[in-house]
Amino acid sequence: MNDEKLLERIKFDKNVLAGKPIIRGLRIPVAMILELLAKGSTNQEILEDYPELELEDIQAALFYAYYLVSQEEVLDRVTAS
């Protein structure tokens, strides 16, 4: 699936979760998928716990996070001494 198709799975609705990004209108926030992955859940575990999700939804959440970070403008980073 190409990048545009992945991003089409991410939806925004001001009436659902205060407009936060969700997967295909399912009321499943992108942040929740990213949190599950960050805490070590596998794709298979997530798909078992949320059977309405598809593997492409997880890929879309990851790509959306990548896209946001890749567009970030770095001005000046403070480094610890």
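Quick caveat, the model's predicted, so the values are computed rather than measured.
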_Measuring only between side-chain heavy atoms, which start at C-beta, is L37 closer than 4.5 Å to T42?_
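Of all side-chain heavy-atom pairs linking T42 with L37, none is under 4.5 Å.
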*Side-chain heavy-atom pair Y50, L36 within 4.5 angstrom cut-off*: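 A side-chain contact under 4.5 Å exists here.
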_Closest heavy-atom pair and its distance - E52, L26_ =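 For E52 versus L26, the nearest heavy atoms are O-CD1, 3.8 Å.
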_To the closest 0.5 Å, what do you measure between NZ (K39) and CG (L34)?_
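The NZ atom of K39 sits 12.0 Å away from the CG atom of L34.
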_From CZ (F63) to CD1 (I10), nearest 0.5 Å_ =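 F63 atom CZ to I10 atom CD1 measures 10.5 Å (nearest 0.5 Å).
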List the atom pairs, with distances to 0.1 Å, where a side-chain N or O of residues 53-60 and a protein N or O form a donor-acceptor pair under 3.5 Å, not counting sequence neighbours.
from: E54; atom 1: OE1; to: R9; atom 2: NH1; distance (Å): 3.3
from: E54; atom 1: OE1; to: R9; atom 2: NH2; distance (Å): 3.1
from: D57; atom 1: OD1; to: R9; atom 2: NH1; distance (Å): 2.5
from: D57; atom 1: OD1; to: R24; atom 2: NE; distance (Å): 2.8
from: D57; atom 1: OD2; to: R24; atom 2: NE; distance (Å): 3.2
from: D57; atom 1: OD2; to: R24; atom 2: NH2; distance (Å): 2.8
from: D57; atom 1: OD2; to: E54; atom 2: N; distance (Å): 2.8

*Who pairs with R27 by side-chain hydrogen bond (donor to acceptor under 3.5 Å, both in side chains), at least two apart in sequence or on another chain?*
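Partners of R27 by the side-chain hydrogen bond (donor to acceptor under 3.5 Å, both in side chains) criterion come out as none, since no residue qualifies.
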*Considering residues, nucleotides and ligands other than F12, do more than 12 of their heavy atoms fall under 6.0 Å from its CZ?*
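Enclosed: over 12 neighbouring heavy atoms sit under 6.0 Å from CZ of F12.
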*Is the CD atom of E4 crowded by more than 12 outside heavy atoms at less than 6.0 Å?*
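It does not: E4 CD has 12 such atoms or fewer within range.
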*Could you walk me through whether Y64 and Y67 pass ring-ring contact (aromatic ring centres under 6.0 Å, His included), step by step?*
CA-CA 5 Å; Y64 179 73; Y67 180 79; 7.4 Å; no
*Contacts of I22 that satisfy side chain to side chain contact (heavy atoms under 4.5 Å, CB included) - sequence neighbours left out*: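 Checked I22 against side chain to side chain contact (heavy atoms under 4.5 Å, CB included); matches are K11, V16, L17.
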*asked:* If we ignore hydrogens and angles and just use 3.5 Å, is the side chain of Q71 paired with the main-chain N or O of L68 as donor and acceptor?
replied: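 No, Q71 side chain to L68 backbone: no donor-acceptor pair under 3.5 Å.
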